[in-house]
Amino acid sequence: MATLGMHRDFLLEFAALEKSVQRRVFEAFEKFTVATHTGAHLEKLTNQRDPRIRTIRITDFWRGVLLKEDEGDSYLLLKVLPHDKANDWACKHRGSVNAATQGIEIRNDVALERATASLKAVAADEPRRLFANRSDKVLRSLGIDEEILPIIRLLPDEAHLEALHRVLPEQQFDVLLGLASGMEPEDVDREIVQAYARTAAPTSTGQSEDGLVSAMAHARGRVALVSGPEELLEILDRPFDTWRIFLHPAQYRVAYRDSYNGPARVTGGPGTGKTVVALHRAYHLARRLPADAPDGCVLLTTFTTAS
């Protein structure tokens, strides 16, 4: 049986599709969970940055984009887009594995090249460097790779870093944002890098955990692994709900901490996942209730000031 992973972006785009198209998407990818000869259905493109990225026909208008393992039957569903946009996206993007977290990362090579050119123009007139006090050795130990290092060496301030939020590989952006906010490298390693490692999803496919399967498992919060056609149908039946329960490692650390010394307060702007963290915390506490607990449940309440 093939191993199938779904990227968060895929679920968001799937949720916006018409029901008839959603049904065709399910039919196309259901085959991946029950067969190992699906390669014949995939198409390569010319001039693409990553030869492992393929497209698959959903309808005459819609195509899916996925990353295929070099050898074996592991696939990561990345996007579902109109035909031309899918091909364009597939040609510009590339998958890689973060050296520190071992999680899969997807990067836009074309956008990174454009960002580098823009930052070189800025750097020519701006002597400040955001990460001047951090050595390449330290940055590499935190998962910043050789292609990203030259880019961040051009950054003058945090505002320019935040402008690259949608361009930099997500795990590397998290590390850089932590450093820029004043965290020490040791804290970034413990709070961000190791958090990704600790929240790796279990793999129960019976296959070796090398390669893409392991990289998807170490991308918890952005990738959901699918165990079979029933789970695929369950996820695609409520894609937005599935996306919302994904936890970033920082959220996971808060929700699944063993205990707090008294009340704990989690702050964040609208849509940052506070309620989702609270739900996971309640679930975590409920699982730890002793068998003889009086009510055997945990009460979660919320409130709003909206009238």
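All of these numbers come straight from a predicted model, not from anything done at the bench.
Ion pairing between R190 and D187 holds under the 4.0 Å rule for side-chain N and carboxylate O. Ion pairing between a basic and an acidic side chain is recognised when a charged N comes within 4.0 Å of a carboxylate O; E170 and R8 show such pairing.
With sequence neighbours excluded, no residue forms a salt bridge (charged side-chain N to carboxylate O under 4.0 Å, His left out) with E231. Remark: D60 engages R57 in a side-chain hydrogen bond (donor to acceptor under 3.5 Å, both in side chains) (not counting sequence neighbours). Judged as a salt bridge (charged side-chain N to carboxylate O under 4.0 Å, His left out), and not counting sequence neighbours, the contacts of E146 are R140. When the salt bridge (charged side-chain N to carboxylate O under 4.0 Å, His left out) test is applied to R257, no partner is found at least two apart in sequence or on another chain. When the salt bridge (charged side-chain N to carboxylate O under 4.0 Å, His left out) test is applied to R52, the partners found at least two apart in sequence or on another chain are D50.
In terms of modelled atom types and a separation under 3.5 Å, the side chain of R153 and the main chain of F131 share a donor-acceptor contact. In terms of modelled atom types and a separation under 3.5 Å, the side chain of Q194 and the main chain of E191 share no donor-acceptor contact. A donor-acceptor contact shorter than 3.5 Å is absent between the side chain of E126 and the backbone of P156. Between the side chain of E69 and the backbone N or O of L212, at least one donor-acceptor pair lies under 3.5 Å. At distances below 3.5 Å, not a single donor-acceptor pair connects side-chain atoms of R63 with backbone N or O atoms of D84. Not a single donor-acceptor pair under 3.5 Å links the side chain of E13 to the backbone N or O of L81. In this structure, the side chain of R281 engages the main chain of A255 through a donor-acceptor pair within 3.5 Å. The closest donor-acceptor contact from the side chain of Q22 to the backbone of F14 lies under 3.5 Å. Judged by distance alone, the side chain of H218 and the main-chain N or O of S214 form a donor-acceptor pair under 3.5 Å.
Scanning both residues, L42 and Y75, for their nearest heavy atoms gives CD1-CE2, 3.8 Å. Shown here for C91 and T46, the closest heavy-atom pair between the two residues is SG-O, 3.7 Å. Closest heavy-atom contact between R134 and P185: NH1-CD, 3.4 Å. For the residue pair Y260 and V254, the shortest heavy atom distance occurs at OH-O, 2.7 Å. Pairing each heavy atom of V213 with each of S74, the nearest pair is CG2-OG, 3.0 Å. Between A90 and T55 the shortest heavy-atom distance is CB-CG2, 4.0 Å.
The 12-atom threshold is exceeded at CD of E27, counting heavy atoms of other residues, nucleotides or ligands nearer than 6.0 Å. Enclosure of atom CZ in F26 by more than 12 non-hydrogen atoms of other residues, nucleotides or ligands within 6.0 angstrom is indicated.
Put simply, V266 and L279 are part of two different groups of oily side chains (I, L, V, M, F, W, Y) that touch within less than 4.5 Å, one to the next. Residues V110 and I53 are members of separate hydrophobic clusters, defined by side-chain heavy-atom contacts under 4.5 angstrom among Ile, Leu, Val, Met, Phe, Trp and Tyr. Hydrophobic clustering (ILVMFWY, side-chain heavy atoms < 4.5 Å, transitive): L45 and I56 are in distinct clusters. Grouping the Ile, Leu, Val, Met, Phe, Trp and Tyr side chains by contacts below 4.5 angstrom, directly or via other members, places L77 with L233. Criterion: ILVMFWY side-chain heavy atoms under 4.5 Å apart, direct or through other members. Under it, L176 and L149 are part of a common hydrophobic cluster.
Of the inter-residue distances, the one linking R107 atom CZ with Q172 atom CD reads 5.5 Å to the nearest 0.5 angstrom.
In summary, the aromatic rings of H83 and F61 are positioned with their centroids too far apart to meet the 6.0 Å limit.
Sorted by first and then second residue, the pairs that involve residues 157-168 and meet salt bridge (charged side-chain N to carboxylate O under 4.0 Å, His left out), not counting sequence neighbours, are R128-D157.
For the residue pair R24 / T59, no side-chain donor-acceptor distance below 3.5 Å is found, with atom types taken as modelled.
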